[in-house]
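For reference, the structure discussed in these notes is given below.
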Amino acid sequence: QVQLIESGGGLVQAGGSLRLSCAASGRTFSRNTMGWFRLAPGKQREFVAAIDWSGSHTYYADSVNGRFTISRDNDKNTVFLQMNSLKPEDTAVYYCAADGTYYTGTYSNAYEYDYWGQGTQVTVSS
């Protein structure tokens, strides 16, 4: 059974930092694009960042570009999201996602991803 388990969420003051982790089990994703999405109350799911299988190519939403960094450790089957300079509008449940197809690019469309985690809450206070 494939699982994506997010961790690292929590409560932080505006301007602070958090590092999210997404550990995959049940299969390896070392040849797959991974992404992060978020869902805030009353809003639609939003793309945050994506990274290709090699880690060489990344893609960010305009709202987080320059503040967030996505990375991966294929040996540990884990993807990370370093979030700096957090703002109250970053408050959301953050979801990790994986594309089931090998050697593809970076995508912002949620339908391109086949596997999803349960999410981790990030709350940024003002």
Side-chain angles (χ1 to χ4, degrees):
Q1 179 183 0
V2 175
Q3 286 189 305
L4 301 178
I5 309 257
E6 301 97 336
S7 61
L11 174 64
V12 64
Q13 288 189 332
S17 298
L18 283 174
R19 189 190 194 210
L20 304 184
S21 298
C22 172
S25 63
R27 63 164 281 183
T28 179
F29 287 102
S30 61
R31 291 172 286 181
N32 303 81
T33 293
M34 304 287 290
W36 287 94
F37 290 77
R38 65 187 182 186
L39 182 61
K43 296 186 178 180
Q44 292 187 331
R45 182 171 50 189
E46 177 186 19
F47 167 75
V48 176
I51 186 167
D52 77 341
W53 66 276
S54 69
S56 298
H57 297 93
T58 56
Y59 180 44
Y60 297 93
D62 290 343
S63 57
V64 307
N65 196 22
R67 300 187 297 122
F68 291 10
T69 302
I70 188 171
S71 61
R72 66 190 300 160
D73 184 337
N74 284 341
D75 289 338
K76 296 182 178 179
N77 217 18
T78 300
V79 65
F80 305 96
L81 185 69
Q82 177 67 43
M83 305 186 295
N84 299 329
S85 302
L86 282 161
K87 305 175 181 180
E89 51 263 44
D90 293 319
T91 295
V93 177
Y94 283 71
Y95 296 90
C96 173
D99 179 3
T101 305
Y102 293 155
Y103 304 126
T104 56
T106 52
Y107 308 116
S108 61
N109 289 315
Y111 66 78
E112 297 284 358
Y113 296 85
D114 303 293
Y115 303 95
W116 292 82
Q118 294 298 308
T120 184
Q121 176 71 47
V122 171
T123 302
V124 184
S125 63
S126 57

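Scope of the values below: all heavy atoms of this structure, side chains included, with no hydrogens, waters or symmetry mates. Everything numeric here is computed off the predicted structure, so don't read it as measured data. Residue numbers count from 1 along this sequence.
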**Q.** Side-chain hydrophobic cluster, 4.5 Å single linkage: members besides Tyr103
**A.** Trp53, Tyr102
Q.
Whether the side chain of Thr58 engages the backbone of Ile51 through a donor-acceptor N/O pair (distance < 3.5 Å, no angle test) should be reported.
A. no
(Q) Applying salt bridge (charged side-chain N to carboxylate O under 4.0 Å, His left out), can you list everything that pairs with Asp90, at least two apart in sequence or on another chain? (A) Arg38, Arg67
Q. For Gly100 and Tyr115, which heavy atoms make the closest approach, and how far apart are they?
A. CA-CE1, 3.9 Å
Q.
Once rounded to the nearest 0.5 Å, what's the spacing between atom CE of Met34 and atom OH of Tyr113?
A. 9.0 Å
Q) Quick one: CD on Gln82 to OG on Ser21, what's the gap to the nearest 0.5 Å? A) 9.5 Å
(Q) To the nearest 0.5 Å, what is the distance between OH on Tyr94 and CD on Glu46? (A) 7.5 Å
Q: Find out whether Tyr59 and Asp52 are in side-chain contact, i.e. whether some heavy atom of one side chain is under 4.5 Å from a heavy atom of the other.
A: no
Q) Parallel, tilted or perpendicular: which describes the rings of Phe37 and Trp116, with under 30° parallel and over 60° perpendicular? A) tilted
Identify all side-chain donor-acceptor contacts of residues 5-20 below 3.5 Å with residues at least two apart in sequence or on another chain.
| unit_1 | atom_1 | unit_2 | atom_2 | d |
| --- | --- | --- | --- | --- |
| Glu6 | OE1 | Gln118 | N | 3.1 |
| Glu6 | OE1 | Gly119 | N | 2.8 |
| Glu6 | OE2 | Cys96 | N | 2.8 |
| Glu6 | OE2 | Gly119 | N | 3.2 |
| Ser17 | OG | Asn84 | OD1 | 2.9 |

Q.
So Met83 and Val124, do their side chains get closer than 4.5 Å, heavy atoms only?
A. no
Q: Can you sort out the partners of Thr104 under side-chain contact (heavy atoms from CB on, under 4.5 Å), two or more places apart, ordered by chain and number?
A: Thr33, Asp99, Thr101, Tyr107
Q) Okay, side chain of Thr78, backbone of Lys76: is any donor-acceptor separation there less than 3.5 Å? A) yes
Q | Shortest non-hydrogen separation from Tyr60 to Ala49 and the atoms involved | A | CD2-CB, 3.6 Å
**Q.** Single-linkage hydrophobic cluster Leu86~Ile70, side-chain heavy atoms < 4.5 angstrom
**A.** yes
Q) Does Val122 belong to the same Ile/Leu/Val/Met/Phe/Trp/Tyr cluster as Val79, with side-chain heavy atoms less than 4.5 Å apart forming each link? A) yes
Q: List the steps and the verdict of side chain to side chain contact (heavy atoms under 4.5 Å, CB included) for Arg27 and Asn32.
A: CA-CA 11 Å; Arg27 63 164 281 183; Asn32 303 81; 3.3 Å; yes
Q: Applying side-chain contact (heavy atoms from CB on, under 4.5 Å), name anything that partners Asn109, two or more places apart in sequence or on another chain.
A: Tyr111, Glu112
Q: For Phe80 and Asp73, run side chain to side chain contact (heavy atoms under 4.5 Å, CB included): C-alpha distance rounded to whole Å, both residues' side-chain angles, the deciding distance at 0.1 Å, then the answer.
A: CA-CA 8 Å; Phe80 305 96; Asp73 184 337; 4.0 Å; yes
(Q) Which heavy atom of Phe29 sits nearest to which heavy atom of Ala98, and what is that distance? (A) CE2-CB, 3.5 Å
Q: Could I get the full list of salt bridge (charged side-chain N to carboxylate O under 4.0 Å, His left out) partners for Glu89, not counting sequence neighbours?
A: none
(Q) Looking at every heavy atom in both Arg45 and Ala110, which two are closest together, and how far apart are they? (A) NH2-CB, 3.5 Å
